[in-house]
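All remarks here apply to the structure that follows.
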Amino acid sequence: MRRHAVGVIAIVLLLWAGWYWVSPPTGPAGQELQAALGRIGGVMVVVWLAYDQLKRVPPWLLWTVPVLLFALAWRPRWLLVLVPMVVALAILRPRPRRL
């Protein structure tokens, strides 16, 4: 059900962006709103396509990526340190035991 909801949201956002492209709203925020709707709709389409794989994302990655993005927005030079750390976490994490 959630995958269907993500797909419907993506379609609505892209249709809304298309509507604003055909008949732009008046006002200073019209183009920004159209761009935001198109970009968010595109990301939602990608999430919809990758939904099954996203259900299998390791739990540590769910908190690591937002922290990494926040740190990079705050201090862009930390990219040189933080990305190798995340890659090292991904490679060196303990593997689950198979019985």
Side-chain angles (χ1 to χ4, degrees):
M1 178 63 185
R2 289 185 185 176
R3 183 173 188 194
H4 298 300
V6 170
V8 168
I9 291 169
I11 290 171
V12 167
L13 289 173
L14 290 175
L15 287 175
W16 198 358
W19 176 257
Y20 277 172
W21 184 65
V22 172
S23 62
T26 58
Q31 289 181 342
E32 291 87 2
L33 182 60
Q34 177 195 359
L37 290 170
R39 289 176 181 156
I40 294 171
V43 168
M44 294 297 285
V45 167
V46 171
V47 169
W48 176 73
L49 289 172
Y51 190 78
D52 291 334
Q53 287 80 19
L54 290 175
K55 289 188 340 187
R56 291 181 275 174
V57 171
W60 64 269
L61 197 59
L62 293 176
W63 63 267
T64 305
V65 171
V67 168
L68 179 69
L69 290 176
F70 176 75
L72 292 179
W74 185 46
R75 302 274 186 195
R77 286 197 168 191
W78 287 9
L79 177 73
L80 300 172
V81 174
L82 293 177
V83 170
M85 285 176 55
V86 171
V87 171
L89 271 173
I91 293 172
L92 299 175
R93 70 179 173 87
R95 304 283 181 210
R97 293 185 184 204
R98 296 183 185 221
L99 298 175

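Side chains are part of it too, since the values below use all heavy atoms of this structure and drop only hydrogens, waters and symmetry mates. Numbers here simply count residues along the sequence, with the first being 1.
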Is there a continuous path of hydrophobic side-chain contacts, each under 4.5 Å between heavy atoms, that joins [X] to [Y]?
{"X": "L69", "Y": "I40", "value": "yes"}
{"X": "L49", "Y": "Y51", "value": "no"}
{"X": "L33", "Y": "W21", "value": "no"}
{"X": "V47", "Y": "L15", "value": "no"}
{"X": "L92", "Y": "V87", "value": "yes"}

Q. Which atoms form the tightest heavy-atom contact between M44 and A10, and what is the distance?
A. CB-CB, 3.6 Å
Q) If you measure from OH on Y20 to CG on L37, what distance do you get to the nearest 0.5 Å? A) 7.0 Å
Q) When rounded to the nearest 0.5 angstrom, what is the spacing between CG in L14 and CD1 in I9? A)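 That separation rounds to 12.0 Å.
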**Q.** Pairs touching residues 33-54 that satisfy salt bridge (charged side-chain N to carboxylate O under 4.0 Å, His left out), sequence neighbours left out
**A.**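 Residue pairs with at least one partner in residues 33-54: R3-D52.
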Q) In the hydrophobic clustering that connects Ile, Leu, Val, Met, Phe, Trp and Tyr at side-chain heavy-atom distances below 4.5 Å, which members other than V8 occupy its cluster, ordered by chain and number? A) V12
Q: Look at the rings of F70 and W74 and say which category their plane angle falls in: under 30° parallel, 30 to 60° tilted, over 60° perpendicular.
A: parallel
